[in-house]
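The figures here come from the full heavy-atom set of this structure, side chains too, leaving out hydrogens, waters and symmetry mates.
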Amino acid sequence: MSEHIDKALRAALASMGGVPKHFTVELSVPANPSHGDLSTNTAMRLASHLKKAPRAIAEEIVRRLDLDGDVVETCEIAGPGFINFRFSEGYLCRGLEGLLNAGPAWGRTAVGQGRRAMVEFVSANPTGPLTVGHGRNAVLGDTLANLLEWTGWDVTREYYFNDAGRQMRVLGRSVRARFEEILVDSGTRRAPAVSFPDDGYRGEYIREIARALAAERGVELAEADSDDPFKDAGRDAIFEAIGRTLFRLDIRMDTYSNERSLYENGAVNRTLAALRGGGWIYESDGAVWFRTSDLGKNTDTVLVKSTGEPTYRLPDIAYHRDKLDRGFDLVVNVFGADHVATYPDILRALRVLGYDADKIDVVIYQFVTLMRDGQEVKMSTRKANFVTLDELIDEVGVDVTRYFFLMRASGTHLEFDLDLAREAGDTNPVFYLQYAHARIRSILRK
């Protein structure tokens with residue numbers, strides 16, 4: 001709506017002498033609505049160049065303005081030299097009519113031109129329910145995907161997880177220990193063969209998984225040689241629960257990738273071989289190192305430990321090669337602050353392997369502190385004293401949950417105030433949004 005005024009101002013300035021060649025016009029919305037719809041301080045900014053009083057410059061600008069009366073109803077000089085504009089009622093009504101006629105497509109653009117984008121987010125390993133911290137990741141990622149779709153990109157939402165690492169082994173042992181406790185309590189076994197691991201997952205959800213497994217396969221698994229059936233049962237049950245939680249937040253994943261597949265299809269070994277072939281790998285103290293000190297980092301980086309176990313960076317490099325090999329024009333990663341030191345190594349590796357790392361955009365978000373009665377709610381997945389994302393949604397609702405996670409920039413620490421989120425009054429920022437929505441719907445109905 002400001003284009004007409006901006007164009008007229010630039011034409012008026014071009015007809016005046018002494019105006020700098022690259023002078024830019026600035027328009028703003030007055031803080032006081034009685035001053036009009038738009039205002040410019042152009043006259044004050046030109047005073048030092050033209051050696052005239054700002055008000056005299058404003059009068060000359062107004063004399064030279066060629067404004068369409070059907071668009072601008074009034075143009076007035078105020079104070080020391082502000083020029084205030086007010087749009088005509090007919091122009092505003094035509095604009096409103098255009099918005100209403102546009103329907104759901106209003107605001108959409110074709111900036112993406114159908115190019116392919118992937119947004120990888122959530123990516124929590126299936127060791128427990130989604131927590132409040134995972135919630136911020138989920139809402140940020142889904143919102144970014146929505147914005148990309150709204151601007152013409154062909155978007156794929158992807159969830160990446162590791163179902164074969166140490167955490168999963170601990171999950172299997174945890175489920176098995178609870179499973180055997182249940183068999184003892186039921187009289188099926190005389191004593192547990194496996195004690196609960198010190199670093200095990202202690203949540204009630206582990207007991208629920210073990211209880212269901214005992215009811216379904218108790219006799220069959222009583223003498224199992226491996227923890228794998230317990231790990232698999234835990235993984236499947238937790239993933240199902242994660243899917244239900246995301247569904248409540250109106251989040252639908254398009255694809256899933258897992259770290260284990262990168263080992264099974266040889267992608268990790270091929271990545272290490274490619275780095276080695278380029279001279280970027282050496283061995284020292286039994287470990288395999290990536291020469292990141294030659295790429296701007298202060299130190300080199302371990303890719304394979306002396307135990308033979310790869311660090312997280314190696315499969316992550318292989319995974320990002322896979323992403324780009326799939327032909328995505330843009331890859332957005334939503335990572336927690338604990339990834340801030342690791343993802344640059346992935347980008348370095350991609351560049352030396354000949355990939356366009358500029359196609360990857362990393363969004364780092366700070367963690368969430370949950371507050372209740374002015375006190376921080378302590379959370380630990382292992383100790384099972386965490387607040388699940390489902391519990392948060394149950395308490396404050398889906399709309400409030402999503403809104404609060406987006407209230408602060410991703411790089412800013414977020415204090416999620418439960419008392420404020422539950423407030424059904426004007427101190428809750430969501431109240432104004434819901435009130436405006438209700439009023440707009442009322443206007444449309446009439």
Task: Smallest separation among heavy atoms of Val71 and His4, with atom names - done: CG1-CD2, 3.8 Å
Task: Ionic contact status for Arg235 with Glu240, cut-off 4.0 Å - done: no
Task: Heavy-atom closest contact (Leu392 atom, Val132 atom, distance) - done: CD2-CG2, 4.2 Å
Open item on the list: Going by the rule ring pair (Phe, Tyr, Trp, His ring centres under 6.0 Å), which residues pair with Phe416 if we only count those two or more places apart in sequence or in a different chain?
Closed with: Phe404, Phe405
TODO: With sequence neighbours excluded, give me every ring-ring contact (aromatic ring centres under 6.0 Å, His included) pair touching residues 148-172.
DONE: Tyr159-Phe239, Tyr159-Tyr256, Tyr160-Tyr319, Phe161-Phe239
Task: Basic-acidic side-chain contact under 4.0 Å: Asp361, Lys359 - done: no
Open item on the list: Are more than 12 heavy atoms, taken from residues, nucleotides or ligands other than Gln375, located less than 6.0 Å from that residue's CD atom?
Closed with: no
Task: Cationic N near anionic O, under 4.0 Å, Arg248 to Asp394 - done: yes
TODO: Taking side chain to side chain contact (heavy atoms under 4.5 Å, CB included) as the test, write out the residues that go with Arg351, two or more places apart.
DONE: Leu347, Ala357, Asp358
Enumerate, atom names and distances included, each donor-acceptor pair closer than 3.5 Å involving a side-chain atom of residues 430-446, sequence neighbours excluded.
| residue | atom | partner | partner atom | Å |
| --- | --- | --- | --- | --- |
| Tyr432 | OH | Asp426 | O | 3.2 |
| Tyr435 | OH | Arg439 | NH1 | 3.1 |

TODO: Decide, yes or no, whether a salt bridge links Arg45 with Glu26 under the criterion of side-chain N to carboxylate O below 4.0 Å.
DONE: yes
Open item on the list: Arg157: which residues meet the side chain to side chain donor-acceptor pair (under 3.5 Å) condition with it, sequence neighbours left out?
Closed with: Asp142, Asn146, Glu149
Check residues 268-284 and write down every donor-acceptor pair under 3.5 Å in which the side-chain atom is one partner and the other belongs to a residue at least two apart or another chain.
| residue | atom | partner | partner atom | Å |
| --- | --- | --- | --- | --- |
| Arg270 | NH1 | Asn265 | O | 2.8 |
| Thr271 | OG1 | Ala267 | O | 2.9 |
| Thr271 | OG1 | Arg321 | NH1 | 3.0 |
| Tyr282 | OH | Asp300 | OD2 | 2.7 |

Open item on the list: So, using side chain to side chain contact (heavy atoms under 4.5 Å, CB included) as the criterion, who are the partners of Val29 when residues are at least two apart?
Closed with: Leu38
Task: Selection residues 105-123 - residue pairs positive for salt bridge (Lys or Arg N to Asp or Glu O under 4.0 Å), sequence neighbours left out - done: Glu120-Lys323
Open item on the list: Test of understanding: with ring pair (Phe, Tyr, Trp, His ring centres under 6.0 Å), list the residues that count as partners of Phe85, not counting sequence neighbours.
Closed with: none
Task: side chain to side chain contact (heavy atoms under 4.5 Å, CB included) against Asp345, all qualifying residues, sequence neighbours excluded - done: Thr292, Lys297, Thr301, Arg313, Arg348
Open item on the list: Going by salt bridge (Lys or Arg N to Asp or Glu O under 4.0 Å), name the pairs with one or both residues in residues 171-180, residues two or more places apart or in two chains.
Closed with: Arg176-Glu180, Arg176-Asp227, Arg178-Glu181
Task: Pairs touching residues 350-374 that satisfy ring-ring contact (aromatic ring centres under 6.0 Å, His included), sequence neighbours left out - done: none
